Amino acid sequence: MPLPRFGPPYRIATRRVVLRCWDPADTPALQALLAGSREHLRPWVPGIDDEPTLDEKLHEVRSWRAAFDLDQVWLFALLGAEDGTLAGGVVVNPLPRNTVDVGGWVAEAHARRGYVSDAFAAVARVAFEVLGITRVQALCRADNQRSIAMLRKLGFTHEATPRHEVDRQRVDEMMWSILPDEWPATPAAALAAEARAWDALGNRLF
């Protein structure tokens, strides 16, 4: 995947949210956020009931930053733009055939504020306008009505619903995508029009 001279954005800002790469110092706040939203996240975040110790979580967050710097997978902390409070996380996973897969979560106290919508729209703009990606995709469980509504509202197209079985239970997963020729006319593009992004050296990307 061709990347800009200084790689992907290390910071992205919209009217409602800021995305930035994780810092090890975020670990205590992240652990507290997950613990306080366990019931809210349990249906959608695997392993939420098996959160590690603080030391183990610190090692995990450091590994996220290392993967970010090596362009293996880009994990962002999601913060409220007004006060900088940690609210969730976003992952951008590079895939073959010039594709990225976007996922995210938000804690219960910050739900229904449009944070994830802003984040997905801004990430899609980065993918198409900075990274030269030719397919942005997102997956969500077929029973996750909020995510389905959000992706449809942003202008993603539902392509298929692959069937899965996990622990002898059906957990079907819907696949959504946007392609470059569709991007300019999507609601996501309009939402991300005023977003800003900076690379690792603080250079403005858009």
Side-chain angles (χ1 to χ4, degrees), residues 8-52 54 56-68 73-94 100-127 136-141 143-154 156 173-174 176 187-188 191-192 194-198:
Y10 274 57
R11 184 179 179 88
I12 305 167
T14 76
R15 180 173 60 85
R16 289 180 286 203
V17 301
V18 171
L19 302 178
R20 59 162 173 77
C21 54
W22 288 97
D23 187 287
D26 295 322
T27 305
L30 172 60
Q31 195 171 51
L33 193 69
L34 291 170
S37 290
R38 187 170 288 115
E39 293 297 326
H40 171 70
L41 296 172
R42 183 176 289 117
W44 324 116
V45 179
I48 190 67
D49 290 318
D50 300 312
E51 273 294 297
L54 180 61
E56 291 169 337
K57 196 66 178 181
L58 175 60
H59 179 77
E60 185 179 356
V61 173
R62 291 181 65 210
S63 74
W64 295 349
R65 180 55 182 264
F68 193 109
V73 59
W74 302 309
L75 291 107
F76 293 92
L78 188 159
L79 305 98
E82 288 189 3
D83 58 8
T85 300
L86 181 64
V90 171
V91 57
V92 183
N93 189 24
V100 292
D101 182 88
V102 184
W105 62 274
V106 66
E108 185 173 15
H110 304 280
R112 294 176 290 279
R113 298 184 184 181
Y115 283 8
V116 179
S117 294
D118 266 28
F120 273 45
V123 165
R125 182 179 177 187
V126 166
V136 174
Q137 74 173 37
L139 305 176
C140 74
R141 278 178 40 167
D143 58 348
N144 190 338
Q145 296 302 317
R146 287 182 183 171
S147 290
I148 291 170
M150 179 195 73
L151 292 168
R152 185 175 286 125
K153 186 175 181 179
L154 288 175
F156 280 76
E173 197 168 45
M174 301 176 73
W176 302 75
L191 185 60
E194 296 183 2
R196 295 163 291 160
W198 297 266

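It should be emphasised that the depicted structure is a prediction, and the values quoted were computed from it without experimental measurement. Numbers for residues simply follow the sequence, beginning at 1.
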Can you name the nearest heavy-atom pair linking [X] to [Y], along with the distance?
X	Y	answer
Ala127	Val100	CB-CG2, 4.1 Å
Val90	Ala119	CG2-CB, 3.8 Å
Ala121	Ala192	O-CB, 3.5 Å
Pro94	Val73	CD-CA, 3.9 Å

State, yes or no, whether a side-chain contact exists between [X] and [Y] at a heavy-atom distance under 4.5 Å.
X	Y	value
Leu78	Trp105	no
Arg16	Leu191	yes
Trp22	Thr27	no
Phe156	Met150	no
Asp26	Arg20	yes
Leu151	Phe120	yes
Arg125	Ile12	no

Identify which one of Val106, Leu86, Thr85 satisfies the side chain to side chain contact (heavy atoms under 4.5 Å, CB included) criterion when paired with Leu33.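 Result: among Val106, Leu86, Thr85, Leu86 is the only option passing the side chain to side chain contact (heavy atoms under 4.5 Å, CB included) with Leu33.
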Which of parallel (below 30°), tilted (30 to 60°) and perpendicular (above 60°) describes Phe68 and Phe76?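 Judged by the thresholds at 30° and 60°, the geometry between Phe68 and Phe76 is perpendicular.
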Using 0.5 Å steps for rounding, measure from the [atom1] atom of [X] to the [atom2] atom of [Y].
X	Y	atom1	atom2	value
Glu82	Arg113	CD	CZ	8.5 Å
Glu194	Thr14	CD	OG1	10.0 Å
Arg141	Ile148	CZ	CD1	10.5 Å

Hey, is CZ on Arg38 packed in by over 12 heavy atoms from elsewhere, all under 6.0 Å?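 Result for CZ/Arg38: enclosed.
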Check whether more than 12 heavy atoms from other residues, nucleotides or ligands sit under 6.0 Å from atom CZ of Arg146, and answer yes or no.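 No - once you tally the heavy atoms of other residues, nucleotides and ligands closer than 6.0 Å, there are 12 at most.
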Expected output: side-chain [X] to main-chain [Y] donor-acceptor under 3.5 Å:
X	Y	answer
Gln31	Pro52	yes
Asp118	Tyr115	no
Ser37	His40	no

For Val123 and Trp74: C-alpha separation, side-chain torsions, deciding distance, then whether side chain to side chain contact (heavy atoms under 4.5 Å, CB included) applies. CA-CA 11 Å; Val123 165; Trp74 302 309; over 6 Å; no
Checking Asp101 now: which residues fulfil salt bridge (Lys or Arg N to Asp or Glu O under 4.0 Å) with it, not counting sequence neighbours?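 Partners of Asp101 by the salt bridge (Lys or Arg N to Asp or Glu O under 4.0 Å) criterion come out as none, since no residue qualifies.
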